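Structure, as structure tokens:
Small disclaimer: the values here were computed from a predicted structure and weren't measured. Every heavy atom of this structure was used, including side-chain atoms; hydrogens, water molecules and symmetry mates were not.
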Amino acid sequence: MESIFVAGSLPKLAAKARLKFDKVREKHLLLLPEKVVVLNETAASILRLCDGSRTVNTITEYIRTSLMAGSETRSSDALPDLKTMESDISGFLQEMADLGWVAVQHENEEP
């Protein structure tokens, strides 16, 4: 199956989904009808940026910049290249879309 998420895609959380940080458990959650999904930090960071105004490319660049800034000892050589990260993030978003938790719009489409 071909990914619907390309660099110019504008992902956003599905209308039925909501992100929340549970202070008691110190976990990021994705709240859905009759379901709660516990997210790791990376998944939460990606989904937090899925607001329908950022492209997959912009999200990838933001995540990469955040990772580089998050560790002074980490060089950009220690991170996967931008295309690899974009592919990984697109794959993750595709899985989320397949589950109905993320919707996609393309830059040239009307909302």
Not counting sequence neighbours, list each pair that qualifies as a ring-ring contact (aromatic ring centres under 6.0 Å, His included) and has a residue in residues 43-67. none
Compare every heavy atom of Ala14 with every heavy atom of Gly100, then report the nearest pair and how far apart it is. O-CB, 3.3 Å
Other hydrophobic cluster members with Leu82, side-chain heavy atoms of Ile/Leu/Val/Met/Phe/Trp/Tyr under 4.5 Å, chained? none
Holding to side-chain hydrogen bond (donor to acceptor under 3.5 Å, both in side chains), I want the full list of residues that pass it with Thr84, two or more places apart in sequence or in another chain. Asp81
Report yes if some heavy atom in the side chain of Glu86 is under 4.5 Å from a heavy atom in the side chain of Val56; otherwise report no. yes
Shared ILVMFWY cluster between Trp101 and Leu29, side chains joined below 4.5 angstrom? no
Looking only at heavy atoms, which two atoms of Pro11 and Arg54 are closest? And how far apart? CD-O, 3.4 Å
Determine the minimum heavy-atom distance between Leu93 and Leu47, stating which atoms define it. CD2-CD2, 4.4 Å
Could you tell me the separation between the CD1 atom of Ile59 and the OG atom of Ser53, rounded to the nearest 0.5 Å? 8.5 Å
Under the side-chain hydrogen bond (donor to acceptor under 3.5 Å, both in side chains) rule, collect the residues that match up with Glu41, sequence neighbours excluded. His28
Determine all donor-acceptor pairs shorter than 3.5 Å in which one atom belongs to a side chain in residues 32-40; sequence neighbours excluded.
from	atom 1	to	atom 2	distance (Å)
Asn40	OD1	Thr42	N	3.1
Asn40	OD1	Ala43	N	2.7

When Ile, Leu, Val, Met, Phe, Trp and Tyr are grouped by side-chain heavy atoms lying under 4.5 Å apart, directly or through other members, which residues fall in the same group as Phe21? none
Strictly by modelled atom types, are Thr55 and Asn57 linked by a side-chain donor-acceptor pair under 3.5 Å? no
